[in-house]
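Scroll down for the structure; my scribbles are underneath it.
Naming convention: chains lettered A, B, ... in sequence-line order (proteins, then strands); numbering from 1 in each chain. Because the structure is predicted, anything quoted here is derived from the model rather than measured.
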Number of protein chains: 2
Amino acid sequence: MNIGEIARRAGVSRSTVSYSLSGKRPVAPTTRKRIQDVIDELGYRPNATARALKEGRTRTIGLVIPPAGNRLNHMQLDFVASVVDAAARADLDVLLSPSGGDHDKSFERLISERRVDGVILMEIRVEDARVGRLQQARLPFVGIGHTAGDEEMCWIDVDYAGLIRHTVRHLADLGHRKVALVNRSPELVAAGYGPALRAAEGFAAATAERGVTGIDVPCGDDARSGQDLLAALLDAHPDLTALTTINEAALPGIQRALDDAGLVVPQDFSVTGVAATLWAEDFRPPLTAADVPALDMGDKAVALLVERIASPSTPPRHILLAPPVSLRSSTGAAPAHRAAPAEKAAATRS
Amino acid sequence: MNIGEIARRAGVSRSTVSYSLSGKRPVAPTTRKRIQDVIDELGYRPNATARALKEGRTRTIGLVIPPAGNRLNHMQLDFVASVVDAAARADLDVLLSPSGGDHDKSFERLISERRVDGVILMEIRVEDARVGRLQQARLPFVGIGHTAGDEEMCWIDVDYAGLIRHTVRHLADLGHRKVALVNRSPELVAAGYGPALRAAEGFAAATAERGVTGIDVPCGDDARSGQDLLAALLDAHPDLTALTTINEAALPGIQRALDDAGLVVPQDFSVTGVAATLWAEDFRPPLTAADVPALDMGDKAVALLVERIASPSTPPRHILLAPPVSLRSSTGAAPAHRAAPAEKAAATRS
DNA sequence: TTGTAAGCGTTATCAC
DNA sequence: GTGATAACGCTTACAA
């Protein structure tokens with residue numbers, strides 16, 4: 001079933017069918033009707049591949065996601081969902097490419113075989129070879145996260161430094177004098193993962209500014225790591241009374257370690273950070289946190305990419321999102337000193 | 001940069017370049033080297049669109065996922081990740097289509113514009129118009145889940161009925177006389193969602209077989225719903241001592257409701273079900289459950305689809321997975337009667 | 001061993 | 001208002 005078949009059955013030429021469909025040149029109403037009837041009857045739709053070849057664009061965008069090994073967290077998941085949705089609204093399809101390393105087969109296919117009109121690149125590292133590859137291929141792209149000094153590319157990012165600074169100030173205002181940053185995994189930190197680095201920057205700046213003692217520790221991206229880490233931390237620092245984090249996946253573990261230590265949030269210990277709304281509201285009590293607007297980011301990323309595909313020569317735009325910190329119930333005034341369960345029991349008795 | 005340019009620079013014809021690349025006809029070593037040098041220098045890769053048009057296949061498969069509204073659970077997520085991975089290994093790209101309703105734009109694009117060589121259809125409903133649409137379009141596809149009586153399609157499914165039956169028997173063997181099935185959301189049950197229906201079937205059969213009282217209740221796919229539901233259930237049925245579930249997302253809520261009621265697992269209450277390994281191991285204590293092999297399913301789905309694309313006329317194959325129930329620590333002998341916290345305190349004192 | 005040319009299904013230019 | 005026809009970039013039968 002192709003345009004020639006439709007033309008034959010409607011008794012017109014192929015170009016007339018094409019024009020009738022695109023409206024790029026007037027077609028007599030009677031002819032148009034005749035053509036439309038045949039099309040409806042046969043359920044014809046122009047072949048996307050042929051159209052792409054002719055038009056020089058695929059109406060498809062690539063979404064480069066972290067490889068399967070690193071399980072996507074809820075923030076990333078929401079982002080993917082919203083990209084796919086926004087793309088569908090713009091009549092674009094989304095091709096997925098799981099790629100972490102620099103010489104990934106599927107990424108390379110996407111780029112060099114020109115399967116897509118543009119790319120959204122998730123989880124950019126501070127040094128990221130894929131950026132250069134995309135620029136070299138002259139393929140429009142939008143990064144989620146930004147590289148070191150590069151202003152030559154479009155990106156959208158969350159202002160992790162600013163947000164972590166915000167949360168630290170909030171804790172300092174509540175009287176906390178020793179605060180931990182539970183960062184992302186040691187691997188990511190070592191790999192120069194932007195959010196981890198910038199969170200650390202913001203943390204260092206804010207603790208210095210407010211004269212509080214800061215402990216910056218990486219933590220595996222899962223509940224168990226969170227639990228183990230916090231247990232060790234509480235043990236090593238009896239005067240630690242608060243933490244801030246960008247490690248969503250560790251939150252359930254953090255919660256458990258606090259439970260196990262008999263610490264009540266926020267009376268005995270305050271917790272805050274940057275997280276997807278879902279995680280924040282799933283914490284008990286609900287987490288005072290900067291809610292990452294992942295859904296919004298997907299929309300914005302697609303919009304930016306569409307714009308860039310349309311006019312590749314305009315100067316690249318950058319969007320740095322700084323969502324407000326939502327005050328929920330997981331932060332409170334610093335306790336005089338952090339009671340151990342035994343002391344608490346004693347205090348209750350007296 | 002196209003094949004003509006390479007041919008020109010290497011001083012050969014386009015077909016020689018093509019053959020040199022595909023190996024489908026011998027090329028003199030010297031010529032081949034000359035061509036390869038030019039290709040390497042210019043980083044040429046054949047245009048996927050043109051190749052697809054010529055060959056009549058896109059080397060792309062479609063993955064139809066539930067729309068963004070319904071947040072994917074971890075099982076689905078693992079499945080998507082493994083499909084993308086397996087596809088990449090088979091040098092196939094994956095086009096994502098979020099579609100729930102029957103007349104979805106992006107689904108229709110996928111099918112009728114022939115953007116893909118085959119489709120993996122997630123979350124099939126017992127009556128699913130998309131199945132008919134795919135058959136009509138003669139597009140190879142593999143369903144995750146199966147429709148009512150249809151043996152005319154390829155599918156992979158988890159044997160929810162069998163697994164739930166297994167878990168109920170296990171509970172009955174431990175002496176539990178009243179057991180609940182925490183099913184998926186009321187909407188899904190009403191929509192004729194296969195796993196929910198089949199879990200209910202298996203539950204009904206097993207409770208009848210063992211003469212235990214079964215309570216089959218739907219539950220929203222989130223922690224809060226799980227918490228509310230279980231609290232109500234414990235209240236309404238003081239003699240309820242165990243539950244089985246296929247609702248992963250409700251597990252954290254179930255855990256909380258049990259905590260709140262002062263019930264210790266498995267001494268006071270047993271919990272089991274069907275879940276992704278991650279959730280099972282995240283439960284406290286680790287959940288005795290049938291671990292859904294989501295990663296394995298992705299691999300199998302791609303393999304099945306590839307096979308089907310290669311030979312569309314062979315009789316469709318069906319794979320019904322019945323992973324074993326992993327004994328962990330969340331099930332135990334039924335208590336004489338379920339102690340309320342007050343009674344427990346009394347018991348401890350005596 | 002290599003070159004020529006047809007054709008995949010479109011769109012768009014030119015001619016009528 | 002409509003029809004022939006040349007591309008788009010590739011693969012492959014046919015010729016040499």
Distance in angstrom units between B:Arg114 CZ and C:dC8 P, rounded: 16 Å
Under the side chain to side chain donor-acceptor pair (under 3.5 Å) test, residues paired with B:Arg59 that sit two or more places apart: B:Glu55
Whole angstrom value for the distance that separates P of C:dA6 from CG of B:Leu53: 17 Å
Minimum side-chain heavy-atom gap A:Leu63-A:Ser97 below 4.5 Å: no
A:Ser15 versus A:Ser18, side-chain donor and acceptor atoms under 3.5 Å: no
Polar side chain donor-acceptor pair, A:Tyr193 to A:Glu187, under 3.5 angstrom: no
Phosphate contact (D:dT2 OP1 or OP2) by A:Thr31 side-chain N/O below 4.0 Å: yes
Sequence-aligned protein contact record of nucleotides 10-16 of chain D, with B where the base is within under 4.0 Å of a protein heavy atom and S where only the sugar-phosphate is: BBBBB--
Residue list, side chain to side chain donor-acceptor pair (under 3.5 Å) with B:Lys33, at least two apart or on another chain: B:Asp37
